[in-house]
Amino acid sequence: MNRRIIIFTIIAMTIALIGLMGIQIYWIQSASAIKEANFRRSVNEAMVKVVQKVERMERNKALLINQYERMLNLNPHLPYDSVLTMQEMDSLINLQLNIRGVDIHFEFCIYKPERQEFLMEQSPGFRKDLIEKGNAFILFQSDIYTSPEYLLIYFPREKQFLLTELWGMLLISIILIIVIVYSFTYTIATIFRQKRLSEMKNDFINNMTHEFKTPISTISLACEALSDKDLRGSGEMLDSYLSMIQEENKRLAGLAEKILQTAVIDKGQLKMNKEMIDLHEIIIDVIKNLRIQVEIKDGEIKRRFKATRSKIEGDKLHVTNLVYNLLDNANKYSPRKPLIRLTTENVNNGIVLIIEDNGIGISKNEQKKIFDKLYRVPTGNIHGVRGFGLGLSYVKAIVDEHHGKISVESEANRGSKFRVFLPFVVKE
Ligand SMILES: Nc1ncnc2c1ncn2[C@@H]1O[C@H](COP(=O)(O)OP(=O)(O)OP(=O)(O)O)[C@@H](O)[C@H]1O
Ligand SMILES: [Mg+2]
């Protein structure tokens, strides 16, 4: 997939997500407005009913009272407490609200603003809230000779009540959005990982083809020469061609072996043949093999065996390859006069092998990736240095098999320092 298409998809998806979230917020807001309007309507209806009921009760009671007495009374209607008790009023309101689905704690009072008097009151602590934030319903509206009296009702937990149902919606929306964002990022990360992997695979195939081509063409040239009757005559020539073919064939076999080995590691089928081995001896052998390559570049390998106990439990072949790979890298990635220092030292329960070089180094960012299979640092500097990017992943697998540790310290252009710890005994 083209990088531009991926970026375009990310932008489009981000915009779509933001849009979706916007719509979601809009819907939730509308739902909240509708819910609030419903609530207000139900409260209004309920309270109008309560007012009507109170007025009717007053009228019925008034009929039973002596009309003369009533006329003497300055109040055009009976006092509230003689019509119904506070508890009765409370259950009346409660019933009307419940019928309309409003099941929430409320505070009420009957208030006469003109005299700032509370004619009936549930709990005095809510006076201020009732007057400022309460819903007011006029009682005995038809009494035009007296100043108005109001039935005030206030819901202390109105906001929470309106939000409870919305919370559910909001929570579900948030969870869904998180799931979408997570899956989206995961997908994009996978695409990038796959893309990198496919690039690395391409590089690997290129490198491999190149590595195989050289010995193949050398062998074919030698074969051609051998088939030439004039050349075949001299025994010396014959020997040199034969050894050339043998040498190149060995190289080919080595390459094939390396690739196969990685496949084996991948499948977790790496076979270890553990025995007591002397790390110092192994190092001496590897250095012997590599010395010429380093000396060609006018470099040198300096070794310092500080470890007094150098025998460990391990697989001789794999540990040899491990040391070889690290030294080979130190040499390969030091373009000018490699100065490679190899040190061993004992720690508590094992031996530490340190390989330092003065090469191109590895930047912090890359250090995490160099142990990945097929990974090669994509810098211009190492152009021309051939490799499959398999060496360090193999080294890491071997170190893990031995229950050891490997770490790297490096700075770009300042050289690298690989530190390998191998325990004396491999505990299963
Ligand atoms: N001593 C070093 N100095 C600088 N860079 C290094 C060093 N060792 C490894 N690297 C970087 O880490 C990468 C991975 O190393 P690794 O040994 O796995 O692969 P390679 O050397 O490229 O190929 P090969 O499979 O032939 O070993 C290298 O391509 C190189 O960029
Ligand atoms: Mg290597």
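No experiment lies behind these values; they were computed from the predicted model shown. Indexing begins at 1, ligand by ligand and atom by atom, following the structure's order.
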Legend entry - salt_bridge(Glu199, Lys195) N-O dist < 4.0 Å: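 Yes.
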Inset, instruction - Salt-bridge test for Arg251 and Glu247: reply yes if a basic N is under 4.0 Å from a carboxylate O, no otherwise. - result: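 Answer for the salt bridge query: no.
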Inset, instruction - Using non-hydrogen atoms of the residue, decide whether Tyr394 is closer than 4.0 angstrom to ligand 1. - result: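 Distance cut 4.0 Å: Tyr394 fails for ligand 1.
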Location of contacts on [X] toward ligand 1, heavy atoms closer than 4.0 Å:
| X | value |
| --- | --- |
| Asp357 | side chain |
| Tyr375 | backbone |
| Lys332 | side chain |

Legend entry - Phe418 and its side chain to side chain contact (heavy atoms under 4.5 Å, CB included) partner, picked from Leu326, Asn329, Leu327: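 Per the side chain to side chain contact (heavy atoms under 4.5 Å, CB included) rule, the option paired with Phe418 is Leu326, out of Leu326, Asn329, Leu327.
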Is the shortest side-chain heavy-atom distance between [X] and [Y] below 4.5 Å?
| X | Y | value |
| --- | --- | --- |
| Thr320 | Asp285 | no |
| Lys396 | Leu392 | no |
| Ile398 | Asn321 | no |

Any N/O pair [X]/ligand 1 closer than 3.5 Å:
| X | answer |
| --- | --- |
| Ile362 | no |
| Leu392 | yes |
| Gly391 | yes |
| Lys258 | yes |
| Gly387 | no |
| Ser416 | yes |

Inset, instruction - Check whether any side-chain N or O of His403 sits under 3.5 Å from a backbone N or O of Val425 as a donor-acceptor pair, and report yes or no. - result: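 It does not hold such a pair.
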Looking only at the side chains, is there a donor atom on one of [X] and [Y] sitting less than 3.5 Å from an acceptor on the other?
| X | Y | answer |
| --- | --- | --- |
| Thr343 | Lys306 | no |
| Gln52 | Arg56 | no |
| Asn289 | Tyr324 | no |

Inset, instruction - Counting heavy atoms only, name the option from Tyr333, Phe204, Phe418, Phe371 that's nearest to atom 30 (C) of ligand 1. - result: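 Going through Tyr333, Phe204, Phe418, Phe371 one by one, Tyr333 has the nearest heavy atom to atom 30 (C) of ligand 1.
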Inset, instruction - Would you mind running through ligand 1 and noting each atom that sits below 4.0 Å from a heavy atom of Phe388? - result: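 Answer for ligand 1: 23 (O), 24 (P), 25 (O), 26 (O).
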Legend entry - Subset of ligand 1 atoms that lie under 4.0 Å from at least one heavy atom of Val377: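 In order of numbering, the contacting atoms are 11 (C), 29 (O), 31 (O).
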Inset, instruction - For the Mg ion (ligand 2), report each protein N, O or S atom nearer than 2.8 Å, sorted by chain and then by residue number. - result: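 The answer is Asn329 OD1.
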Inset, instruction - May I ask you to establish whether Lys128 and Tyr154 are in a cation-pi arrangement, using a distance under 6.0 Å from NZ or CZ to the six-membered ring centre and at most 45° from the ring axis? - result: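 Not flagged: Lys128 not positioned over aromatic ring of Tyr154.
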Just distance, no hydrogens or angles: give the donor-acceptor pairs under 3.5 Å from side chains in residues 360-375, sequence neighbours left out.
from	atom 1	to	atom 2	distance (Å)
Glu366	OE1	Tyr375	OH	2.2
Gln367	NE2	Ile362	O	3.0
Gln367	NE2	Ser410	O	2.9
Lys373	NZ	Asp266	OD2	2.5

